[in-house]
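Please read these numbers as outputs of a predicted model, since none were measured by experiment. When a ligand or atom number is given, it counts from 1 through the structure's own listing order.
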Amino acid sequence: MADKLIIFDTTLRDGEQSPGASMTKDEKIRIAKQLERLRVDVIEAGFAAASPGDFESIKAIAGVIKDSTVCSLSRANDRDISRAAEALAAASRKRIHTFIATSPLHMEKKLRMSPDQVLEQAKQAVRFARQFTDDVEFSPEDGSRSEMDFLCRVIETVIAEGARTINFADTVGYGVPELYGNMIKTLRERIPNSDKAVWSVHCHNDLGMAVANSLAGVMIGGARQVECTINGLGERAGNTALEEIVMAVKTRKDYFDLELNIDTTQIVPASKLVSQITGFAVQPNKAVVGANAFAHASGIHQDGVLKARDTYEIMRAEDVGWTANKIVLGKLSGRNAFKQRLEELGLELESEAEVNAAFARFKELADRKAEIFDEDIFAVVSDEQHAQENEHFRFVSLAQHSETGERPKAKVVFSMGGQELVCEGQGNGPVDATVNAIESKAASGSELLLFSVNAITTGTQSQGEVTMRLSKAGRIVNGVGADPDIVVASAKAYLSALNKLHSKAERLNPQF
Ligand code: KIV
Ligand code: ZN
């Protein structure tokens, strides 16, 4: 029988460490539920000791997730491990993931500890974590730049203490597939008790090789767990992309010969949800989940695909959850049809009142836009979920004027703390005028780091989805807004970013 490959998703922990990707508790719960629908084996829900917000999110996720194991990261010390155990107490299945750096550089410069001290701390941490659960994972941080003899000592010790998963971390994306895979192979051969643990890969994408390194760790090294994130989200250049690992292993089963638990039809919904919540747009040519991943532009390819799909397609779009830009609803669609489509798309709203509010938004959109696609429904639901979070800033209306040879002007009405404000501004373009108008009253003093516009579907009728990334006093947040009018979408995105800056639930990204 083929071995099983465990999919460990760390979107909510390592993914969240991307600047601006930090999420609220409700957003994390929504993503965790989608990860459960995707049937990932392990959800790393956060880093409990990093902040009270992280702790509460893990606790809430541990309370609602039934099928996947819920995991918390912790440094190798009693306080972090106790916090992780406390946050995970209600989980049906829980894992504590503890780590300490093992490379000479990290031990000397960052930890200022001798190798013997690091070894002792790793040992004590795993021993302590085992008091709370049998499922303990240990990671030698910066493993790929660590010395093999030292790694052998540390890993043999932590397995003897009861670590059931050994996660070989390529923390800075320094690995090269053959070398990385061979390091794991050598460790497994040299460590006498290596067969008592599942070996895992955890790669960063600094040289664009995270997926290749992970797969080499599996095929050459014999790893049977891959740590990854939706859309490859993560610090710097990101982590291993879940969708690429899953589809590589499925599509090339002839080579990998591994079983997966994943429901691949939930991949695209997961990708869209993470992108909408974090404001990190997916590049159009991204494998599996990019808008062009299944688009054939050249005549020869189109002709081939029409004659026999597998001439140019190795996967089926519907198998990963693409719904082929179908017009799904229109302005005559009723509440039941809307609710049924939400269910088909795996979009869960908390209450009937939320369904009603989302339906009202949908009707308002359908009045302005004849054809409503699944992508529009995702945006409507995302807007409604933001509105439920007691927004401090709320968009009301906008009028703007731009004409060749004249400086664009905008008049925006929005509410701040429940009070409706009218403001006017001018700028280089209508979006600039809109942001200047809002700032004339909001006076946030934040710096705009990124402004991007994406068409949600095809054609000029499409809604525009705007992301605005703001920075203030060391905090970076992303706001997202969607509307058929991209200036309105920009105003909504800007106000959504201001809401995040204003929210006390938001925090700095957990860096260690
Ligand atoms: O990249 C890394 O080293 C990590 C560890 C905590 C596993 O994320
Ligand atoms: Zn990492």
Side-chain angles (χ1 to χ4, degrees), residues 6-19 21-22 42-51 54 58 69 71-77 80-81 83-84 87 95-107 109-111 118 121-122 125-126 129 135-146 150-151 154-155 158 163-175 180 183-184 187 197-211 213-214 217 221 223 225-242 245 509-512:
I6 298 168
I7 297 295
F8 175 117
D9 180 277
T10 183
T11 306
L12 299 174
R13 198 279 297 172
D14 222 350
E16 202 207 12
Q17 284 177 213
S18 298
S22 95
V42 186
I43 298 173
E44 188 163 52
F47 181 0
S51 72
D54 241 36
I58 298 169
T69 297
C71 171
S72 169
L73 184 69
S74 67
R75 281 166 298 199
N77 64 56
D80 272 29
I81 294 168
R83 284 295 274 173
R95 174 177 297 187
I96 296 179
H97 174 192
T98 187
F99 74 97
I100 191 163
T102 49
S103 65
L105 185 65
H106 277 227
M107 289 192 289
K109 303 280 190 237
K110 184 181 84 171
L111 299 176
V118 167
Q121 195 160 324
V126 171
D135 193 349
V136 173
E137 171 169 330
F138 174 79
S139 294
E141 191 196 3
D142 206 16
S144 56
R145 293 193 298 170
S146 304
F150 182 57
L151 280 172
V154 173
I155 295 173
V158 296
R164 289 288 162 264
T165 304
I166 298 297
N167 178 44
F168 190 60
D170 184 24
T171 305
V172 290
Y174 182 72
Y180 180 72
M183 278 183 96
I184 299 178
L187 289 169
V198 172
W199 287 69
S200 166
V201 286
H202 178 109
C203 299
H204 283 264
N205 205 30
D206 298 68
L207 294 174
M209 292 191 281
V211 169
N213 284 335
S214 300
Q225 172 176 288
V226 176
E227 301 204 350
C228 43
T229 59
I230 302 291
N231 300 338
L233 188 69
E235 259 186 295
R236 309 185 306 276
N239 286 57
T240 301
L242 178 146
I245 292 289
N509 288 301
Q511 304 290 346
F512 45 81

Using a 4.0 Å cut-off to any heavy atom of [X], which atoms of ligand 1 qualify?
| X | result |
| --- | --- |
| T171 | 1 (O), 2 (C), 3 (O) |
| H204 | 1 (O) |
| A169 | 3 (O) |
| S139 | 7 (C) |
| E141 | 3 (O) |
| N167 | 7 (C) |

| Which protein N, O or S atoms lie under 2.8 Å from the Zn ion (ligand 2)? |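 Within the sphere that stays under 2.8 Å of the Zn ion (ligand 2), the protein atoms of type N, O or S are D14 OD2, H202 NE2, H204 NE2.
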| request: Check whether any N or O atom of R13, backbone or side chain, sits under 3.5 Å from an N or O atom of ligand 1, and answer yes or no. | output: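 Yes.
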| query | Any N or O of D14 that comes nearer than 3.5 Å to an N or O of ligand 1? | reply |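 Yes, since at least one N or O of D14 sits under 3.5 Å from an N or O of ligand 1.
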| query | If every non-hydrogen atom of V118 is compared with every non-hydrogen atom of A101, which pair is closest and at what distance? | reply |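 That closest heavy-atom pairing would be CG1-O, 3.5 Å.
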| task | Check side-chain contact (heavy atoms from CB on, under 4.5 Å) between A129 and all other residues, then give those that pass, not counting sequence neighbours. | result |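 side-chain contact (heavy atoms from CB on, under 4.5 Å) list for A129, sorted by chain: I81, I96, V136.
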| task | Tell me, please, which residues at least two apart from S146 pass side-chain contact (heavy atoms from CB on, under 4.5 Å). | result |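 S146 satisfies side-chain contact (heavy atoms from CB on, under 4.5 Å) with T102, S103, L151 once adjacent residues are dropped.
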| field | Side-chain touch E141/K110, heavy atoms, less than 4.5 angstrom | value |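 They are in side-chain contact.
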| message | Measuring only between side-chain heavy atoms, which start at C-beta, is S214 closer than 4.5 Å to I245? | response |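 A side-chain contact exists here, since the closest heavy-atom pair is under 4.5 Å.
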| Pair S200, N167: side-chain N/O donor-acceptor within cut-off below 3.5 Å |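 Side-chain D/A pair, S200 to N167: present.
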| Is the backbone N or O of A169 less than 3.5 Å from a side-chain atom of S139, with the two atoms forming a donor-acceptor pair by type? |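 A pair under 3.5 Å: no.
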| message | Can you tell whether the side chains of E227 and R13 come within less than 4.0 Å, N to carboxylate O? | response |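 Not counted as a salt bridge, because no side-chain N and carboxylate O are separated by less than 4.0 Å.
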| field | Non-neighbouring partners of N213 that pass side chain to side chain donor-acceptor pair (under 3.5 Å), sequence neighbours left out | value |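 Not a single residue meets the side chain to side chain donor-acceptor pair (under 3.5 Å) criterion with N213.
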| query | What distance separates N239 CG from H204 NE2, expressed to the nearest 0.5 Å? | reply |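 With rounding to 0.5 Å, CG (N239) is 4.0 Å from NE2 (H204).
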